[in-house]
Amino acid sequence: MSGSNEAWRLESFVDALVVELDKTRETLGVKAMNQPLSYTVKDMSMDLQIFPTYSGDEVAFTTAQPGEAGASTISLQLSAITDRQVRESSKRPPAPGDISLAEVELDPEVKRDLRKIGVTSVNELQRMEERDVNLNSVVRKQIDFGDLADSIRSVRRSKEPPAVRSARLSRGASGETIIAMEGDDLAVEPTFRPIATVNGDLVDLVSFGRTQLTISCSEGVLAEGDNEIVMVLDPYSVVRVNVRSNRLVGAP
Amino acid sequence: MPEYLEIDEALAPLHEHLGGLVPIDERDGAIVERVEVTMPIELDVLSESDGSISLASSPPLYYERTGFRSAPHRIRVVIVDEQELIGSP
């Protein structure tokens, strides 16, 4: 036996058991390669002698060691099922773009309560909200859906962060400097007008979109050498770009 | 998934223990179609810092009759011909 006998969670134990069963099937498959029959594990059950502990949030178990008396028995039974049964009895795998609740900033107690009722992703939470399920009756703390929506947008934004690929300088008709930037996922929030500063001075935005953002700044704002451009593209993303100007375009 | 590094040398990963239960060979035209084993086992649950677990087991390590119950856990495994499983509902 290993020296330490640590407590484990039932979910982790079942995960480990399933991995062991899969490996057993692989072993049996290899052993049967030159045989007329191929074997597999149909059923498995275990009666474990354990000492349960409850921390207030979750139950953990410690396996009884040889000679330890007074343990409780927990019985687990695993049966092989067909892939059709798996599809019928399992949750669908997360869709592309689905956000796990683990990624969202939400009160940990609310997360635990939602997990207990089988809600593990933002899509599932939204589906329950659409069906007018009163989640506040099953969680111990009130869910602030406004904060939750903010957090979801923040996570989504972090999955497609803005990227500036190029910046081009030119001189405008009235002598102002035009900085045209191209990139990916720049201004993606339709309800938010981006804000930009050049070397600390607030500047005008001529146009903005997902792939481009054009700034107009008065003469003198852009200096020769390094220039710091800061753009607040939405409440969740601030981009800082350094543009080096060797010679101002159109300067005499 | 942990790679069974800390398993006591007296035990084996559970899948090796289970996979060793089937005497796969054909003798005089007779083949084993189904194996059902119920037995006491020694079990070691190895917890990792990330919360994952690996399982090690062995048949009971001690055979002397003592007041000391060496293997308190029991396991039942049914291993069948794959065709039986596919044909079952």
Side-chain angles (χ1 to χ4, degrees), chain A residues 1-9 11-17 19-50 60-69 71 73-82 85, chain B residues 1-2 6-8 10-11 13-22 24-26 31-36 38 40-48 50-57 60-62 66-86 88-89:
Chain A
M1 296 283 164
S2 63
S4 61
N5 184 27
E6 291 174 12
W8 41 267
R9 294 183 309 119
E11 184 183 0
S12 306
F13 188 90
V14 173
D15 285 347
L17 206 50
V19 169
E20 294 297 329
L21 278 177
D22 284 344
K23 288 184 176 174
T24 305
R25 288 195 183 99
E26 287 167 18
T27 307
L28 292 173
V30 172
K31 281 175 80 173
M33 280 179 86
N34 296 318
Q35 300 294 328
L37 292 187
S38 177
Y39 295 92
T40 191
V41 179
K42 185 181 181 188
D43 292 303
M44 191 184 88
S45 60
M46 277 182 132
D47 293 334
L48 301 174
Q49 300 298 310
I50 46 92
F61 301 102
T62 309
T63 319
Q65 298 288 294
E68 287 184 333
T73 304
I74 185 170
S75 297
L76 303 171
Q77 181 156 353
L78 278 78
S79 296
I81 55 175
T82 62
Q85 287 169 310
Chain B
M1 188 55 63
E6 293 177 29
I7 284 184
D8 188 291
L11 308 181
L14 183 63
H15 68 272
E16 287 184 15
H17 184 183
L18 298 183
L21 294 175
V22 187
I24 300 179
D25 58 356
E26 187 177 357
I31 49 174
V32 176
E33 285 190 329
R34 180 185 176 94
V35 177
E36 183 171 339
T38 304
I41 56 164
E42 302 276 354
L43 183 71
D44 202 1
V45 182
L46 302 158
S47 300
E48 296 296 312
D50 63 359
S52 64
I53 278 174
S54 56
L55 302 175
S57 66
L61 295 172
Y62 308 103
T66 67
F68 187 81
R69 197 179 178 198
S70 73
H73 315 292
R74 291 185 74 77
I75 191 169
R76 174 179 167 270
V77 189
V78 181
I79 294 169
V80 296
D81 169 18
E82 216 164 35
Q83 292 305 315
E84 181 185 326
L85 184 66
I86 294 168
S88 68

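Each chain gets a letter, A, B and so on, in the order the sequences are listed, and its residues count up from 1.
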For B:Pro72 against A:Ala64, the heavy-atom pair lying closest together: CG-O, 4.0 Å
Best-contacting candidate, A:Thr40, A:Leu48, A:Leu78, against chain B by heavy atom pairs under 4.5 angstrom: A:Thr40
B:Glu36: side-chain hydrogen bond (donor to acceptor under 3.5 Å, both in side chains) partners, not counting sequence neighbours: B:Arg76
Modelled atom types, side-chain donor and acceptor of A:Gln49 and B:His73, under 3.5 Å: no
For chain B, the option from A:Leu76, A:Leu17, A:Thr24 that forms the most heavy-atom pairs under 4.5 Å: A:Thr24
Contact summary for A:Trp8 and B:Val45, nearest pair of heavy atoms: CD1-CG1, 3.3 Å
Beyond-backbone contact of A:Lys42 with B:Val77, side-chain heavy atoms, under 4.5 angstrom: no
Engaged part of A:Ala7 at the chain B interface, taking heavy atoms whose separation is under 4.5 Å: backbone
Inter-residue atom distance B:Leu18.CG - A:Arg25.CZ, 0.5 Å rounding: 10.5 Å
Reported CG-to-CD distance for the pair B:Leu46 and A:Glu6, which is rounded to 0.5 angstrom: 9.0 Å
Spatial distance of atom CD1 (B:Ile53) from atom CG (A:Asp15) [nearest 0.5 Å]: 8.5 Å
Closest approach of B:Leu55 to A:Glu20 (non-hydrogen atoms, all atoms of both residues): O-OE2, 3.9 Å
